[in-house]
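Written below as C-alpha cells is the structure these notes are about.
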Amino acid sequence: MNSTVKLAKRTLINNRRSKYTLPTNSKLYPAQWNWDSAFIALGYSNFNSDYSFEEIETLLSGQWKDGMIPHILFHIKDENYTPNYKAWDCGQKVSSSGITQPPILASVLRLIIERKKFLPKHTKRYYSHILKIKKCLEWFIKYRDPEKTGLISILHPWESGYDNSPLWDKPMSKIKIDPNLNYKRKDNKIIKASQRPLKIDYDRYVSIKNHLKKMNYDPKILYYKSKFNVVDIGFNSLFLKALKDLNFLLNYINKESSFLKNYIQLNEKNLIKLYNSKKMKFKNKDLKNNALIEIPSITNFFMLFSDLKNKSVNKSLIKSLKRYCKNEEYLFPSISSSHKLFEEKRYWRGPVWINCNWIIYQGLKNKDKKFAEIIRKNTIKLVEKKKFREYYSCKSGSGMGAKNFSWSAALYLDFILNRS
Ligand code: DGY
C-alpha cells in the first residue's frame with residue numbers, strides 16, 4: 001500500500017474520539033464540525049464502513065428538533081475553544097453552536113450508498129439518516145428562504161465554512177461591534193496569526209453570534225433580524241446538489257417529495273441567474289444591505305458540482321475556471337491570485353483547500369474528464385509532498401494552518417482510492 005494512504009488512514013484514526021472525529025489532533029478545533037464530519041465519513045467509507053456510519057450517526061445525534069444540524073457539536077464540555085459551548089449556550093441535548101454549515105452530508109451519503117451498491121435489504125441502516133437529512137433540508141427552505149425566492153441565505157460567515165473570505169468583507173464592514181465583547185482567542189496562539197482571521201473579523205463574528213443568541217436562535221425571526229444575511233453562490237450550489245442527492249436517497253427508500261422537486265427547479269433557475277455567461281461574472285447577493293458581491297472565489301465554481309441541466313452555462317463555467325487558475329502551479333487558490341484581496345497565506349483569502357478541489361473534481365468528472373483528471377493528479381501530488389495540512393499555498397505548495405488535518409486525509413483517500 002502507498003505510504004501516504006497508510007498515513008491518511010492513521011491520521012483519521014488518531015483524530016477519532018468516541019464515535020466522531022476531530023478536524024485535527026492539535027488543540028485548534030476540539031469538537032465535531034458539521035461539514036468536516038461529512039468529508040471524514042466519506043474518507044472512512046474507503047476503508048472502514050462502521051467508522052463512516054458512526055461519524056454520520058454522531059453528527060445527526062446533534063440535530064435540533066426543528067431540523068437544523070449545527071455547525072459545531074461540543075460532545076465534550078471543553079472550555080478551551082472560542083466561542084465554546086457556554087458562550088453559544090443553545091440549551092440543546094447535545095451542546096452545540098446555534099448556526100449551521102453547508103449540507104454536504106446528503107451528497108456524501110449518496111456517494112457512499114451508490115459506490116457500495118447496497119441491496120435494498122441493507123437500506124434499513126441508513127433509513128433514519130435519510131429522513132433526518134430530509135428534515136434538515138426542509139429546515140433550510142422554511143427558515144432560510146421564508147419568502148420562497150428560490151435562494152437560501154446564510155446568517156453568519158461561519159455558516160459558509162469559508163469564514164474570512166473576501167466575499168464577506170463588505171457585509172462584515174457594516175457590522176457594529178458589540179460594546180460588551182468579552183472573549184479570548186486561542187486559535188492565533190496555536191497557529192501563526194498571519195495565517196488566521198484578523199481581530200476585527202473575530203470581533204464581528206462574536207458580535208453577530210451574541211446578537212443571534214439574544215434572539216434565542218429563533219429561526220422564525222433570524223432571517224429578518226440577523227446583522228448578516230447573504231445569498232452565496234457556493235452555499236446555494238452545495239444546497240442544490242444536496243436536494244438532488246436527497247431526491248436520489250428518498251427514491252432509494254421508496255419515498256418521494258414533490259415539494260423538494262419543485263424547490264429544485266426554483267433553486268436551479270435562480271442560481272443560474274447569479275452567473276453572467278457572457279461576461280463570465282458571478283454575483284452573490286448581500287440581502288441585508290441590498291448590494292451585490294463580485295469577488296472571484298473558487299466557491300462560485302461549486303455551481304459545477306450542482307450538475308446544472310443547462311449545458312451552455314456549464315461550458316462557460318469550465319472556460320472561466322480554466323482562466324481562473326491558468327497561472328497556478330497548485331490548484332485551486334480560494335481567491336483568484338490576480339485579485340487585489342488575494343493573500344497567499346491567510347486562511348480563506350487565497351490558500352488551496354482540499355475540500356474545494358474535491359467538490360470541483362466531482363463537478364467536472366462527468367463534464368470534462370481531462371480537466372478533472374488534472375485536478376485529481378495535482379491534488380494528490382500536493383498532498384503527497386506536504387501531507388495533510390489544513391491549507392496550502394497555491395504558489396509554493398507549502399503547507400499551512402493545522403497539521404494532520406482530517407478532511408485533507410479523508411479526501412486524499414477518496415481521490416486516490418475512488419474515481420467514481
Ligand atoms: C468557528 O470557530 O466556529 C469556525 O467554524 C472555525 O472555522
Side-chain angles (χ1 to χ4, degrees), residues 15 20-40 59 62 68-76 78-90 92 94-105 154-168 172 175 181 183-193 195-213 217 226 228 230 232 234-235 238 297 299 334 345-351 353-356 389-391 400-403 405-408:
N15 293 350
Y20 70 96
T21 307
L22 302 175
T24 155
N25 62 348
S26 74
K27 298 201 167 85
L28 191 59
Y29 305 119
Q32 183 179 26
W33 260 260
N34 182 332
W35 74 333
D36 292 68
S37 227
F39 291 127
I40 290 164
L59 176 61
M68 184 182 83
I69 304 177
H71 101 295
I72 310 179
L73 299 180
F74 301 100
H75 298 290
I76 292 173
D78 180 345
E79 288 178 27
N80 272 316
Y81 187 72
T82 304
N84 63 25
Y85 73 99
K86 276 194 180 158
W88 281 104
D89 189 21
C90 295
Q92 298 288 321
V94 178
S95 296
S96 74
S97 67
I99 56 174
T100 188
Q101 240 181 359
I104 192 82
L105 182 59
I154 52 171
L155 305 184
H156 194 300
W158 282 339
E159 291 202 314
S160 70
Y162 18 106
D163 308 1
N164 68 338
S165 166
L167 283 166
W168 321 134
M172 284 296 266
I175 306 290
L181 277 192
Y183 74 96
K184 248 208 185 97
R185 280 175 79 178
K186 304 194 178 58
D187 63 296
N188 54 0
K189 313 281 177 309
I190 301 168
I191 301 294
K192 279 188 194 151
Q195 298 177 9
R196 295 289 305 173
L198 303 173
K199 175 181 183 307
I200 183 76
D201 297 326
Y202 258 82
D203 284 353
R204 289 172 175 145
Y205 297 148
V206 178
S207 299
I208 305 174
K209 183 218 72 159
N210 289 352
H211 181 244
L212 298 175
K213 182 174 161 193
Y217 307 106
S226 173
F228 182 96
V230 170
D232 170 52
F235 198 96
L238 299 178
S297 163
T299 56
S334 38
K345 298 188 176 159
R346 200 182 293 284
Y347 210 41
W348 283 96
R349 300 183 73 85
W353 288 79
I354 301 304
N355 67 331
C356 292
R389 298 301 297 262
E390 189 177 4
Y391 40 94
M400 294 175 289
K403 292 186 178 149
F405 198 66
S406 296
W407 85 29
S408 301

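Whatever order the structure lists them in is the order used to number ligands and atoms, beginning at 1.
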If you measure only the distance, is there a donor-acceptor pair under 3.5 Å linking the side chains of [X] and [Y]?
X: Asp187; Y: Tyr81; value: no
X: Asn15; Y: Ser406; value: yes
X: Tyr217; Y: Gln92; value: no

Trp353-Phe39 aromatic ring centre distance below 6.0 Å: no

Aromatic ring pairing Trp158/Tyr202, orientation class (parallel under 30°, perpendicular over 60°, tilted between): perpendicular

First-shell residues of ligand 1 [heavy atom, distance under 4.0 Å]: Trp33, His71, Ile72, Tyr81, Trp158, Asp163, Tyr347

Partner of Gln101 by side chain to side chain contact (heavy atoms under 4.5 Å, CB included), out of His71, His156, Glu159: His71

